[in-house]
Amino acid sequence: MRFLITGGAGFIGSHLSELLLAQGDRVLVLDDLSTGSMANLEFLKGRKGFDYRIDSIENEPVLAETIDEADAVFHLAAAVGVRLVVEEPVRTIETNILGTRLVLKHANKKKKPVLLTSTSEIYGKSAAVPFREDSDMVFGPTTHSRWSYACSKAIDEFLALSYWREKRQPVVIVRLFNTVGPRQVGRYGMVIPRFVGQALSGGPITVYGDGTQSRCFCDVTDVVAALDQLLRDPAAYGEVYNVGSDGEVSILALAERVRALVDPKVAIKLVPYDEAYGPGFEDMVRRVPDVSKLKKKIGFSPRHDLDSILARVIEHLSTHP
Ligand code: UDP
C-alpha cells in the first residue's frame, strides 16, 4: 500500500515511515518542518518506496494531490509539545483544527481511510484514572492557554467522527499517551529526552513541581506498530483507541532512574511550575490509560519497559548530542 504521513518528518512520523518501508509499503511524507526535521528522514532518503514533500498541510492543492497519490493517510501533522502550546497558542489552534479539516475534506473525496492522532490531553485534568475512551473530558478555563491544545484536538475528534457518521468517511482515532524513543527532542518540553540530555551534560535534572505527578511512557516502536495495525483494520473505523503503556512512574522517580543510569553524581532540582511554564500553569497529576480496548482489538502488548526505553534514549543522545 502507499501511505501518506502528514507530519512524517517528526519523531513519531519518522519511526512510522521506517516501519512501513520495512514491511514493503510505500511512504509519502508531507511536512513543513515546523517541529519536524530533515535529519529525522535523512536515513530514509533514497530508500525504495520513500518520497517526501516539504510543504504545509494548509497548502490545499498540495495536500489534495498527495492524498490522491495515497491509499490511506496517517494524519500526524499537529502543533505538539506543552511548551509550544503554551508559547504559541494561535499556531496550535489554527494548525490542529484547519489541518484536520482539510485532510478529512480531501480524503473524503475518494474515501481514503484516515488515522487521526489525537492525544491523552483530551482527558484534561480528570482524576478518574485509568482513562477509558468513553471517560469525560475535564478542562480548565479558556484563559489558560494549555487547554487550547486539548480543545483543538477534541474538535478534530468530533469532526472525524462526524465525517464517519454522516459521510461514511473511514476514520480511526488514536489518543497517544506519552511516547518516547530515539530522535525525540526535549526542545518542546518532552521530559525523557530533557532529563537524559541534562544528566549527560552534568545536570541538574529539572523536575517541575514536587515531582509527584506521574506519567506512563511507551516506546515509539510499540506505538507505531499499533497505528499501522489500526489503520489497516476496517473494523476499527469510527472508533477511538488509547495507545500507550499503563506502567505508571512519578516524575521524581523517573529523574532518579535517569540519574542512576547516566551519572549518580548529578543533582535533581525542583523547579516551580510558574518558573517553568509561566504563571497559572496547570499540570496533570496522573495520566494513565486504560488500554483494554486496544488489547482486545490488536493484542497490544508493548515490548519495551521503562528501563529499555531509557537505555535506547541514552544510547541515542550519547551518540547524537
Ligand atoms: N517535566 C519536568 N521537567 C522537564 C520537563 C517536563 O518535570 O524538564 C514534567 C512535566 O511538568 C510533566 C511531565 O514531566 O509533569 C511530563 O511532561 P511532558 O512535557 O514530557 O509531557 P506531558 O505529559 O506533560 O504532555
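Predicted model only: the values in this text are computed from it and were never measured. Every number for a ligand or one of its atoms is a count from 1 in the order of the listing.
- For the pair Arg183 and Glu18, the salt-bridge criterion is met [side-chain N within less than 4.0 Å of a carboxylate O].
- Residue Asp283 touches ligand 1 through its side chain alone, judged by heavy-atom distances below 4.0 Å.
- Exactly one of Leu20, Ile5, Leu115, Val172 qualifies for a side-chain contact (heavy atoms from CB on, under 4.5 Å) with Leu227. That residue is Leu115.
- Asp134 and Arg132 are joined by a salt bridge, as a carboxylate oxygen and a charged side-chain nitrogen come within less than 4.0 angstrom of each other.
- Counting heavy atoms only, Asn178 comes closest to atom 21 (O) of ligand 1 of the residues Val207, Asn178, Val191, Thr179.
- Using a cutoff of 4.0 Å between basic side-chain nitrogens and carboxylate oxygens, Arg2 and Asp25 are not scored as salt-bridged.
- Looking at Asp51 and Arg26, no side-chain N of the basic residue comes within less than 4.0 Å of a carboxylate O on the acidic one, giving no salt bridge.
- With a heavy-atom cut-off of 4.0 Å, Tyr277 touches ligand 1 through its side chain alone.
- Annotation for ligand 1: atoms under 4.0 Å from non-hydrogen atoms of Thr206 are 2 (C), 3 (N), 4 (C), 7 (O), 8 (O).
- Heavy atoms of other residues, nucleotides or ligands lying less than 6.0 angstrom from CZ of Arg232 number more than 12.
- Listed by number with element, the atoms of ligand 1 under 4.0 Å from a non-hydrogen atom of Tyr273 are 11 (O).
- Listed by number with element, the atoms of ligand 1 under 4.0 angstrom from any heavy atom of Met190 are 20 (O).
- Atom 9 (C) of ligand 1 has its nearest heavy-atom neighbour, among Gln213, Gln184, Glu121, Arg146, in Gln213.
- With respect to Glu248 and Arg215, no salt bridge is recorded, no charged nitrogen being found less than 4.0 Å from a carboxylate O.
- Near Arg194, the atoms of ligand 1 lying under 4.0 angstrom from a non-hydrogen atom of the residue are 4 (C), 5 (C), 8 (O).
- The side chain of Arg215, and not its backbone, has at least one atom closer than 4.0 Å to an atom of ligand 1 (non-hydrogen atoms only; side chain from C-beta on).
- Neither the backbone nor the side chain of Ile192 has any atom closer than 4.0 Å to an atom of ligand 1 (non-hydrogen atoms only).
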